[in-house]
Amino acid sequence: MFYDYFRFHQEDIPQLISVLGMQENYRSPTRVTWDAEEGLCLVLRRLSYPNRLVDLIPLFGRPKSELSIIFNETLHDLYMKNGARLTTIDHSWFEPERYCDAVYKKCGVLDNIWGFVDGTVKHICRPGKGQRLLFNGQKHYHGIKY
């Protein structure tokens with residue numbers, strides 16, 4: 001059940017906290033306190049499934065105002081410490097040639113592909129301009145395709 005809620009196994013959480021460089025305890029300017037495990041689990045839950053804060057009250061046992069503070073502060077801390085990993089693909093571990101070789105061995109069509117677009121359509125409100133560009137005929141609603 002833990003994996004279904006957070007997309008990680010319970011025994012992986014301490015290692016994630018360490019790898020992400022999270023501090024042991026947090027305290028907001030409004031004196032709300034929480035530990036790294038609670039903050040990370042809240043962030044993982046909110047990002048793994050679209051839910052409202054009010055839906056998380058029974059799971060975390062806190063009012064939605066505190067859940068909002070914990071989520072925002074923890075996410076901000078994670079981004080400040082790890083944001084550079086999201087804004088560039090220039091990493092020592094990233095070897096596009098290796099990925100290209102693996103893709104080529106699998107499908108044998110092109111030798112310079114290292115990633116794929118998954119085709120997810122995110123539903124949006126009908127725009128005032130450019131409706132034809134954003135209308136998805138297959139899904140029958142306006143959306144942005146990733």
- Can you name the residues that form a side-chain contact (heavy atoms from CB on, under 4.5 Å) with Asp111, not counting sequence neighbours? Tyr104

- Set of side-chain contact (heavy atoms from CB on, under 4.5 Å) partners for Phe94, sequence neighbours left out: Ile89, His91, Pro96, Tyr99, Trp114

Donor-acceptor contacts under 3.5 Å from residues 126-136 side chains, at least two apart:
unit_1	atom_1	unit_2	atom_2	d
Gln131	NE2	Pro127	O	3.0
Asn136	OD1	Gln138	N	2.9
Asn136	OD1	Lys139	N	2.9

Just so I know, are the side chains of [X] and [Y] near enough to count as touching, which here means a heavy-atom distance under 4.5 Å?
X: Leu75; Y: Tyr79; answer: no
X: Arg62; Y: Ile57; answer: no
X: Val121; Y: Ile144; answer: no
X: Asp35; Y: Glu38; answer: yes

Give the table of side-chain donor-acceptor pairs shorter than 3.5 Å for residues 3-29, with sequence neighbours excluded, one pair per line with atom names and distance.
unit_1	atom_1	unit_2	atom_2	d
Arg7	NH2	Ser48	O	3.4
Gln23	NE2	Asn25	O	3.0
Tyr26	OH	Gln23	N	3.4
Tyr26	OH	Asp77	OD2	2.6
Ser28	OG	Thr30	N	3.2
Ser28	OG	Thr30	OG1	2.9
Ser28	OG	Arg31	N	3.4
Ser28	OG	Val32	N	3.1

- Item | Val54 to Pro58 - nearest heavy-atom pair and separation | O-CD, 3.9 Å

- Closest non-hydrogen atoms of Leu53 and Ser68, given as atom of the first, atom of the second and distance, are CD1-CB, 3.5 Å

- Query: Looking at residues at least two apart in the chain, or sitting in another chain, which of them share a ring-ring contact (aromatic ring centres under 6.0 Å, His included) with Tyr49?
  - Reply: none

- Message: Enumerate the ring-ring contact (aromatic ring centres under 6.0 Å, His included) contacts for residues 51-70, please, sequence neighbours excluded, ordered by first and then second residue.
- Response: none

To the nearest 0.5 Å, how far apart are [atom1] in [X] and [atom2] in [Y]?
X: Glu95; Y: Asp101; atom1: CD; atom2: CG; value: 10.5 Å
X: Cys107; Y: Ile113; atom1: SG; atom2: CD1; value: 6.0 Å
X: Asn72; Y: Arg46; atom1: CG; atom2: CZ; value: 8.5 Å

